[in-house]
Amino acid sequence: MILLSLSYSKQYHLRELFYSFFKSLVGKDVVVELKNDLSICGTLHSVDQYLNIKLTDISVTDPEKYPHMLSVKNCFIRGSVVRYVQLPADEVDTQLLQDAARKEAMQQKQ
Amino acid sequence: MSELEQQDAAESCCYGERGGEDEGVMEECELEEMGEEDEEIDLYNEETFGIDLDERSDEETGDSTDILVFCGKRSPPPPPSPPPSTPTTPVPQPQVLPALSRGQRDRRVLRTGDMFEDPAVMRTVEGRPSLQSLDSAIVDSHIGSLCETLDPDTWMLSPYGRSRKALGPMLHDKAIITVIDRPDPARAPLDFLPPLRHPFATCPLRGSGKRGGQRGLHPLVRPLGQRYLSQMGPMLSRSPVRPRPAFSPPQPYMQPFTPKMMHLRFGAHSPSPAPFCSPSSHILQRFRFPGHVTQLHPQHRRLLSQRHQRSHRGDNLDPNGQLMSIKEKEWIIRLQMIQLQSENPHLDDYYYQEYYQRLEAKIAEEEMLGDKSKREPPKLTTPYVTKTETYTPVVHIEGSLGQVAVSTCFSPRRAIDAVHAAQSPEEPRFSEQEQLDSRKQRLVVLHNIEKCYMVLLEVEEAAKRKATVFSEEERERLEEKVQRRVKLIYSQLQYPANLETAEEFLPCLLVSKGKRLLARFLPFLSQDIALHVLKTVTLHLPVLMSRDVDEALPVMYPSLCTVIGRLSFSQLIGVLKGFTTTLPDSKERCLPMACQNKFGISLLYALLSQGERLLSSDTPMDAGIGDYETWTETVFLVARELSHSSLVEPLLLPSNLLSLFCRYLDKHTVHQLEDSMERSTAGCPAVPS
């Protein structure tokens, strides 16, 4: 039982890094590129442990190709379909991110 | 027959799409005629069937939206042989007679070329579009036809257009009869190919919405109509709209028809709705559907009444046509067509392509055999897209330790090689073995650095906790822990494990990650050790500067500055010597190189500034013998170098440099120096010493 919970917690920690990171980006403008090549620009409204993303005030960066998104204002994106999230560079502390990744790696090993 | 032909001719000009802004306007005479006819037909139909019927006389061109018209041949047929029709005509005659008893009116109606004078026929034909709206195939046909008008490059190719024109005259009774005569299952699908102009306005997908509706119909209209006719009930199956026609054999649906109609060869040998439609022109003129057939589907009824309404509104749009603008309709169609785009139509559209090829072969054969006019089977192709963007499924980013799999929703996974095959483009002068070695070494170094980072994080955390903790014991414990770890890191950095190298720190310093690590690590070192590190850096400065690809050297500047700030004069002189001594490999000195490098010049300035600070301060300096001379020498050297070479902007420009130079140099040189330094430090913040 205990072992089980530990393994779960380990997995949880795996996601924890990105979840924690994205939490710091809530309210910032991001561009989410999906695996179906759709790119959506919007304000990050919320994120969860599965990295599902809610964007508000979205605009499709290539409206010619995906006209069906023209009228959509907010959207919920399932985390598993995200390929990239483009972030504003000045909102990210890369050193801190590296440290967090190392910490996570350490925790994983333990 | 001639009458029929006349009618057909008239019909060919009457029928057709009235839709859209780009369609021609109906001629006034035709309008009037059609208006008249409409009324007559309505009356007629009312009497016969109790419903208002509209006339489809608003159709313009030969592309009759009528399935009846459509299911005939595509080229103007020779006059069909009467015999097939005659047997049928007398049978329905009794039913027809009452209609015909109206006499001239009907004849006139027929005369206008509206070969579907037979209200029953018209109804059935009209009914189809309504079914179309419910049946995906028909819906598809609409889309197809819309697309045709919207974008010639989409799937309706020009043969379509040509055949469209031919449709009208084609759909003469005779033609239809001829079609019936020659039941050709292989040709049956052909009927679906030419676009149909749809006379029915109730179909929501109609582009124009005008009376007479559609720009061009998808031939699919026919099978659906047939189905409709056969079932006479809500046979409508809702299926997702697909631009591909869905052919369905008419066989099972023929039961409701009378035996008389059966001989028109419904079923397997019937060219789909053709048999039903075909009796249209002259056969069905004097022919009424059997009673049970004439019970119109409510949908049909509505359709007809709408047509009626529309006809009385003249050129008004389809009542449902104003919900969406033309652009919106086009938009939706394009949306759906996007899904159709394929880079490999032969593969994606295999059945149709194959079928079409066989069809063409058959037609060619027929042409050779008989004296038939060339029939071009219309070709439907899904839009072909040459995909110019290709993606590499496995990407090796330069300088990375591994490979990244680029997955799309079309190819989710791609195996990544355990050993990356990418060759680094740098260092071409080395042999492959050397390259491999250097890469391996780099990996080893990187691995070491990562381990050091882990420890460093612990150190940093412990140091932070030490500041907050109150108990002395705790603090001592933490301190000890810190020291242990610091030593560990230091040793690792100095001589990385598994690496044979004589140089201290150099492997780690060459890697940008190592530089960053060092920058963070320096504050934890004692001054002596830090000095040692500084000396090493200065010693290897040329190498570091030349191989600093990422320009990561400046990250070390703040920590090194702190170290420099704590230097004694003699220590400083020692460090400065590294700048002025000639390099063992070349005759050049480090100094010129440093002036061209941001980090180098900043370091130099920092050192000089420290010296000046020390000298100008009142604290007694324990300078060694010859230190002052070295100092003066260095200052002169630097001054000369600075004034001669173009300078790079330093990270920080200490403000006491000028006073330093003033002390040793003449005014002229100082001014020169000042100018050159100021030129280089356009945006550089000046720091008071």
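Quick caveat, the model's predicted, so the values are computed rather than measured. Per chain, numbering begins at 1; letters A, B, ... match sequence-line order.
- Looking at Q95(A) and V555(B), their side chains never come closer than 4.5 Å, going by heavy atoms from C-beta outward.
- Using a 4.0 Å cut-off between charged nitrogen and carboxylate oxygen, K103(A) and E458(B) do not count as a salt-bridge pair.
- Proximity to chain A is absent for every atom of R516(B), based on heavy atoms less than 4.5 angstrom apart.
- Environment of NZ in K487(B): sparse, with no more than 12 heavy atoms of neighbouring residues, nucleotides or ligands closer than 6.0 Å.
- Proximity to chain B is limited to the side chain of R83(A), based on heavy atoms less than 4.5 angstrom apart.
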Check the pair R520(B) / D99(A) against side-chain contact (heavy atoms from CB on, under 4.5 Å), numbers first and verdict last. CA-CA 12 Å; R520(B) 276 171 80 172; D99(A) 289 345; 2.8 Å; yes
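- More than 12 heavy atoms of other shown residues, nucleotides or ligands fall within 6.0 angstrom of atom CD in E91(A).
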